[in-house]
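What you are looking at is a predicted structure, and each value in this text was computed from that prediction instead of being measured.
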Amino acid sequence: MASAATHVSFLPPVLTFLSAAVIGVPIFRLIGQSAVLGYLVAGVVIGPFGFSLIAEPETAASVAELGVVLLLFIVGLELQISRLVSMRRDIFGLGTAQLLVCTAVLAGIGFLFGLKPSAAFVIGIALALSATAVALQLLEERGDLGTPYGGRAFAVLLFQDISVVAILALMPLFASTGGVGGDGWLVSALQSTGTVGAAILAVVLVGRYGLNPFFGLLAASGAREVMTAAALLVVLGTAMLMEHVGLSMAMGAFLAGVLLAESNFRHQLEADIEPFRGMLLGLFFMSVGMSIDGGLLKAEWPWLLGATAGAILIKVGLVAALFRLFGSTWLDAVRGGAILAPAGEFAFVLLPVGGELGLIDGPSGRFAIALAALTMLVGPVAAKALDSALARRRGEPDLAPDTVENTEARVLVVGFGRFGQILTQVLLAEGISVTVIDKDVEQIRSASRFGFRIFYGDGTRLDVLRAAGIGRAELLCVCVDEPESALKIVDIVHEEFASVRTYVRAYDRMHAVELMNRDVDFQLRETVDSALGFGRATLEGLGVAPQAAAAVAEDVRKRDVARLVLQQAGALPDAATWMRGAAQIKPEPLTEPQRPSRALNAETRDIIGTKAREAAAHTLEARDLPSDA
């Protein structure tokens with residue numbers, strides 16, 4: 001067992017990080033800035049050039065790198081082939097142009113200011129990348145992800161994420177082959193390349209043929225926490241394998257994400273990983289803030305401020321020109337350039353790697369890291385100020401290009417049992433896009449023939465609903481079997497996604513009243529229509545004309561709805577009793593019976609007699625109670 005001193009030495013850094021996060025991030029969110037800025041500033045405050053609350057920032061940075069690993073896994077999960085095809089022009093055309101042009105210009109400026117070519121090239125790439133977390137946060141806050149400039153900005157970010165994986169994969173490979181001199185360098189390079197290729201092939205084969213059955217087996221066990229452990233095992237295991245053969249851990253995590261991108265378990269895995277990714281990525285940003293050289297900032301602040309302003313202006317101008325070249329209006333082009341102006345998260349990964357490889361000297365690396373951090377601090381503020389200035393001049397909206405929004409479903413269906421299957425048949429016949437969530441593996445397999453977006457997950461979890469895209473859905477259909485689960489889903493959606501309409505399958509009359517009390521947009525008891533149709537058919541079988549039978553069924557429906565409304569309002573005795581805590585609403589005839597019920601055997605007479613005596617006793621008790629008057 002660890003000693004008390006060990007616990008004491010372990011807890012203060014953890015408490016420091018948590019305190020800095022819960023204080024810094026809400027402050028920046030309250031003033032309308034990104035959470036990333038809060039983490040960065042919190043890192044500066046607790047770092048060696050602030051209050052020096054963390055003695056060894058390097059230790060935190062090594063753990064925080066796992067946040068980048070999990071971020072790349074999430075990026076891989078989002079990278080479906082269908083999305084690449086629909087956005088191919090903006091991703092591979094605009095994205096490639098942005099990265100090449102910005103890298104060339106920024107690297108050229110660095111070379112003119114005295115950097116050696118290798119350092120200028122690495123710093124140019126690092127500054128050419130954009131902050132994915134900051135950009136997407138700003139787009140979501142504005143609701144502009146589905147606009148033309150938002151779609152193109154997302155495409156550029158997606159290409160940058162793909163490119164970062166390639167860059168991170170190649171830099172360690174160059175390091176492992178570049179140090180071998182003499183005639184053996186070719187043999188060593190071929191050996192390294194062969195090892196890397198074999199590792200990637202092994203990961204692809206295992207992911208292609210093993211991961212889906214593996215997660216299916218775990219899902220069938222019903223142990224949700226094991227799914228989380230399995231997701232971390234796959235991500236971190238693949239990352240460690242890639243690091244072992246000379247590539248980056250990020251490359252392994254990205255591969256694992258891509259291999260699971262088409263899996264039915266994708267949303268559940270994303271929801272399970274998200275809390276770890278968020279916390280570790282926040283720790284990563286704080287470690288970046290702690291790495292800012294305060295002495296350098298004090299000594300070189302004119303150069304740093306000038307370089308920050310210059311880098312932002314250059315990127316805004318270049319990206320705006322490229323957006324314009326690819327068909328955006330000037331207003332949208334400038335807004336897109338401002339969104340992509342801050343340096344990206346991976347600048348803080350590429351620059352240290354370049355330093356370790358000897359491509360960048362120490363002073364240049366520290367200056368570049370401080371510059372990237374300052375662009376992340378200043379860039380979002382400048383983007384918001386520019387957006388406010390352009391708001392009055394905003395032109396007519398263009399037709400949006402294919403973006404992430406086009407891949408989202410209009411209807412989210414939770415539960416794919418008998419009820420949900422019939423519902424989706426109707427939606428399928430009309431060509432409505434649907435996403436189905438179910439936690440039953442067999443139902444997932446059954447749904448795979450419908451052509452819907454189908455994902456394994458627990459629909460009562462907020463993170464699963466959010467990952468499935470409920471915030472962008474028009475309507476939610478709750479078709480689960482359990483009444484309590486349906487009520488929980490309704491409560492979550494009404495609290496977190498008030499604009500989403502809720503259509504809910506009611507289990508029985510009591511459940512319907514509870515749903516009506518929660519102001520759902522539509523509820524239907526699962527047996528009403530089938531029982532009324534069955535009754536109408538029975539009347540027709542007894543010789544009643546079809547029109548008359550249909551009229552009787554419709555009259556019963558109207559009476560039933562009227563009674564349900566009265567029961568919800570507590571205007572009927574049985575409803576009032578139920579509202580005071582009784583177990584259920586008792587069924588009552590909607591039409592006055594023509595004769596009293598008759599028991600046809602002794603057992604039935606005993607049951608009816610007991611019920612009659614209980615009813616009489618309740619009536620006498622009610623008469624003996626004093627009136628309110």
Side-chain angles (χ1 to χ4, degrees), residues 34 36 87-110 121 123-142 144-164 167 307-347 350 368 371-372 374-391 393-395 398 400-401 403-404:
S34 170
V36 175
M87 302 171 65
R88 59 189 179 276
R89 182 175 181 270
D90 285 332
I91 293 175
F92 298 106
L94 179 58
T96 303
Q98 183 275 332
L99 187 59
L100 292 179
V101 171
C102 290
T103 298
V105 173
L106 293 172
I109 294 174
F121 179 69
I123 292 175
I125 291 179
L127 296 179
L129 297 173
S130 302
T132 301
V134 175
L136 292 182
Q137 180 68 31
L138 290 174
L139 289 172
E140 289 182 1
E141 289 174 358
R142 299 175 182 178
D144 286 350
L145 193 57
T147 62
Y149 91 92
R152 289 194 171 99
F154 179 82
V156 171
L157 293 170
L158 187 57
F159 180 80
Q160 289 181 358
D161 289 333
I162 300 171
S163 302
V164 164
I167 294 169
T308 300
I312 290 176
L313 290 175
I314 289 170
K315 284 188 71 175
V316 170
L318 293 175
V319 174
L322 291 172
F323 269 51
R324 181 63 177 156
L325 184 64
F326 276 75
S328 293
T329 65
W330 273 114
L331 289 178
D332 278 357
V334 173
R335 298 178 76 203
I339 284 288
L340 298 174
E345 302 90 345
F346 293 106
L350 293 176
L371 174 59
L374 288 175
T375 63
M376 294 185 71
L377 287 168
V378 176
V381 179
K384 288 200 171 186
L386 182 61
D387 186 65
S388 298
L390 294 175
R393 300 179 54 193
R394 188 173 305 170
D398 299 334
T403 66
V404 60

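For F121, the side chain to side chain contact (heavy atoms under 4.5 Å, CB included) test picks out T103, I125, with sequence neighbours left out. Here L318 pairs with V101, C102, V105, I314 under the side chain to side chain contact (heavy atoms under 4.5 Å, CB included) rule; sequence neighbours left out. Legend: residues meeting side chain to side chain contact (heavy atoms under 4.5 Å, CB included) with V316, ordered by chain and number and at least two apart, are I312, A341.
Note that the CG atom of L322 and the OG atom of S328 stand 10.5 Å from one another [nearest 0.5 Å]. One distance of note links CG of L99 with CG of L94; it measures 11.0 Å at 0.5 Å rounding.
Put simply, the side chain of Q98 never gets that close to the backbone of V156: no donor and acceptor are under 3.5 Å apart. At least one donor-acceptor pair under 3.5 Å links the side chain of K315 to the backbone N or O of L340. In this structure a side-chain-to-backbone donor-acceptor pair under 3.5 Å is present from R152 to F326. Side chain of T375 to main chain of A343: a donor-acceptor pair is present (N/O by atom type, distance under 3.5 Å, no hydrogens or angles).
The minimum heavy-atom distance linking Q160 with A128 is given by the pair NE2-O, 3.6 Å. The two atoms that bring V319 and G337 nearest to each other are CG1-CA, 3.6 Å, heavy atoms only.
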Checklist entry - Is there a side chain to side chain contact (heavy atoms under 4.5 Å, CB included) between I123 and L106 once you walk through the steps? => result CA-CA 8 Å; I123 292 175; L106 293 172; over 6 Å; no
Checklist entry - Between L371 and L127, does a side chain to side chain contact (heavy atoms under 4.5 Å, CB included) hold up when you go through it step by step? => result CA-CA 9 Å; L371 174 59; L127 296 179; 3.6 Å; yes
Checklist entry - Under the side chain to side chain contact (heavy atoms under 4.5 Å, CB included) criterion, do F159 and D90 qualify, and how do the steps go? => result CA-CA 9 Å; F159 180 80; D90 285 332; over 6 Å; no
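Looking at F323 and T329, their side chains never come closer than 4.5 Å, going by heavy atoms from C-beta outward.
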